[in-house]
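Some notes on the structure that comes next.
Counting begins at 1 with the first residue of the sequence. Treat the numbers as computed from the prediction; the structure is a model and nothing was measured.
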Amino acid sequence: MPEGHSIHRLARQFTSVFGGARLAVSSPQGRFAAGAARLDGHVLEAAEAHGKQLFLHFSNDLYLRIHLGLYGAFDFGGDETFAGASTIGAPRRVGEREVAGDGGAGYAGPPEPKGAVRVRLVSDHGWADLRGPTACEVVTDAERAKVLARLGPDPLADEADGSEGAAEFTRRLRSKGSPIGLLLMNQEVLAGVGNVYRAEVLFRARISPWRLGRSVDEADAAALWDDIVHLMNDGVRQGRIITTEPQDREDAGEPVPPSEAHYVYKRTGLPCRRCGTAVAGTEMGARNLFWCPACQAD
């Protein structure tokens with residue numbers, strides 16, 4: 001599932017490519033035809049992300065709310081003014097990095113829709129196609145506020161490097177009696193972290209995934225928040241998740257090879273990069289979990 005850094009990159013790309021433009025909105029697949037009609041012909045005024053939720057704000061005071069889920073992804077294209085990734089979305093489709101655009105060479109308008117395109121947005125200079133989202137709906141400002149009210153703090157919010165986000169995350173985490181490996185994936189505790197960041201930040205903090213939230217002291221919780229903020233901002237800048245430090249990689253080349261990008265995620269049975277113990281894997285909350293039994297002993 002795309003994690004929060006990808007959704008924030010989507011918001012930035014929509015702002016860059018479509019901000020201030022009047023958009024033709026359609027649903028080639030047909031499932032979103034009624035919603036598309038409510039947005040068609042209106043100006044995209046803003047794009048914002050909170051955790052894994054994307055909100056596109058239109059000039060008629062309606063929002064397009066999108067949650068990509070496990071399979072959702074956007075494809076983009078445009079003329080020579082288009083700059084950005086050509087695909088951002090589900091790792092199952094495009095991996096944990098984005099696919100770069102081609103600069104719009106030979107652009108002649110949007111192509112014929114391929115596959116089940118839930119929604120297509122077209123400006124004078126570019127287009128975006130959405131396939132496979134978990135959620136795609138038109139909401140009012142009040143409905144958007146209700147969605148946001150259910151979510152925990154976002155490590156990529158503008159104010160995330162201050163004390164307020166850390167304090168709220170710490171409060172929510174330490175109020176729960178569930179394992180921290182579950183709580184980091186609970187969007188009501190922390191918005192935007194998914195399976196990759198969950199495994200990697202716990203390893204970097206040397207915290208067992210089974211430690212209960214209420215057993216995490218305030219200093220450890222604050223340090224965990226700071227590292228999540230740091231790593232996810234790196235993810236926004238680079239368009240992929242890289243959590244390893246240079247001294248822990250066998251291959252110091254740039255760009256960082258995919259095989260060197262993570263400490264424990266999808267490395268079951270391989271030696272820990274720091275202590276040599278075999279990385280372990282199991283399921284927690286119906287998702288695969290990875291950790292080092294020695295570095296993260298409870």
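- A distance-only check finds a donor-acceptor pair linking the side chain of N60 to the backbone of R38 [under 3.5 Å].
- Counting only distance, with no hydrogens or angles, the side chain of S123 and the backbone of F18 share no donor-acceptor pair below 3.5 Å.
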Begin from the C-alpha positions of V117 and F32 and carry the test side-chain contact (heavy atoms from CB on, under 4.5 Å) through to its verdict.
-> CA-CA 9 Å; V117 177; F32 187 65; over 6 Å; no
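- Take R118 and apply the side chain to side chain donor-acceptor pair (under 3.5 Å) test, not counting sequence neighbours, and it matches Q29.
- In this structure, R273 contributes its side chain and E250 its backbone to no donor-acceptor pair below 3.5 Å.
- For the pair F58/L44, a side-chain contact is recorded, criterion being any heavy-atom separation below 4.5 Å from C-beta on.
- Taking 4.5 Å as the limit, every side-chain heavy atom of Q238 sits out of range of all side-chain heavy atoms of V256.
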Could you walk me through whether R172 and L190 pass the side-chain contact (heavy atoms from CB on, under 4.5 Å) test, one step at a time?
-> CA-CA 8 Å; R172 294 184 183 222; L190 178 65; over 6 Å; no
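- Following chains of ILVMFWY side-chain contacts shorter than 4.5 Å, one cannot reach V264 starting from M185, and the two form parts of different hydrophobic clusters.
- Across every non-hydrogen atom of A199 and F290, the tightest pair is CB-O, 3.7 Å.
- Evaluation of the side-chain hydrogen bond (donor to acceptor under 3.5 Å, both in side chains) test over residues 173-192, restricted to residues two or more places apart or in two chains, returns none.
- With a 4.5 Å cut-off on side-chain heavy atoms, F82 and W127 do not count as touching.
- Residues Y197 and P155 have side chains not in contact (no heavy-atom distance under 4.5 Å, counting atoms from C-beta outward).
- Legend: side-chain hydrogen bond (donor to acceptor under 3.5 Å, both in side chains) pairs involving residues 276-298, not counting sequence neighbours: none detected.
- No side-chain donor-acceptor contact under 3.5 Å links R204 to the backbone of D227.
- Through side-chain heavy atoms spaced under 4.5 Å, either directly or across other Ile, Leu, Val, Met, Phe, Trp or Tyr residues, L270 is tied to no other residue.
- A search for side chain to side chain donor-acceptor pair (under 3.5 Å) contacts involving E137 returns R65, not counting sequence neighbours.
- Using a 4.5 Å heavy-atom cutoff, the side chains of H42 and L23 are not in contact.
- Between L202 atom CG and W210 atom CH2 the span is 10.0 Å, to the nearest 0.5 Å.
- From D248, atom CG reaches atom CD of E260 across 10.0 Å, with rounding to the nearest 0.5 Å.
- Residues L182 and L173 are members of separate hydrophobic clusters, defined by side-chain heavy-atom contacts under 4.5 angstrom among Ile, Leu, Val, Met, Phe, Trp and Tyr.
- The two atoms that bring T134 and G69 nearest to each other are OG1-CA, 3.1 Å, heavy atoms only.
- With a 4.5 Å cut-off on side-chain heavy atoms, T243 and F203 do not count as touching.
- Counting heavy atoms from C-beta outward, R12 and V236 have side chains that approach closer than 4.5 Å.
- Partner of V138 under the side chain to side chain contact (heavy atoms under 4.5 Å, CB included) criterion, out of L39, V25, L56: L39 alone.
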Check the pair V196, K266 against side-chain contact (heavy atoms from CB on, under 4.5 Å), reporting the backbone distance first and the verdict last.
-> CA-CA 9 Å; V196 184; K266 288 190 174 180; over 6 Å; no
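- No side-chain donor-acceptor contact under 3.5 Å links D75 to the backbone of T87.
- A donor-acceptor distance shorter than 3.5 angstrom exists from the side chain of R267 to the backbone of Y263, with no hydrogens or angles considered.
- The residue from Q53, H57, R144 that alone fulfils the side chain to side chain donor-acceptor pair (under 3.5 Å) condition with E48 is R144.
- I241 approaches A261 most closely through the heavy-atom pair O-CB, 3.8 Å.
- The minimum heavy-atom distance linking P179 with M284 is given by the pair CB-CE, 4.2 Å.
- Looking at E168 and R171, a side-chain N of the basic residue comes within less than 4.0 Å of a carboxylate O on the acidic one, giving a salt bridge.
- No side-chain donor-acceptor contact under 3.5 Å links E200 to the backbone of H262.
- Of all non-hydrogen atoms in E112 and R120, the two that sit nearest each other are C-NH2, 4.1 Å.
- Both L183 and I207 are assigned to one and the same hydrophobic cluster, defined by single-linkage of ILVMFWY side chains at heavy-atom distances under 4.5 Å.
- Put simply, the side chain of H5 never gets that close to the backbone of R237: no donor and acceptor are under 3.5 Å apart.
- In terms of modelled atom types and a separation under 3.5 Å, the side chain of R198 and the main chain of G181 share a donor-acceptor contact.
- R131 contributes no side-chain N or O that, together with a main-chain N or O of A116, makes up a donor-acceptor pair within less than 3.5 Å.
- Contact annotation: the side chain of R274 approaches that of E245 to within less than 4.5 Å [non-hydrogen atoms, C-beta and beyond].
- Cluster note: F55 groups with Y63, V139, V147, L148, L151 through ILVMFWY side-chain heavy atoms spaced under 4.5 Å, whether in direct contact or through intervening members.
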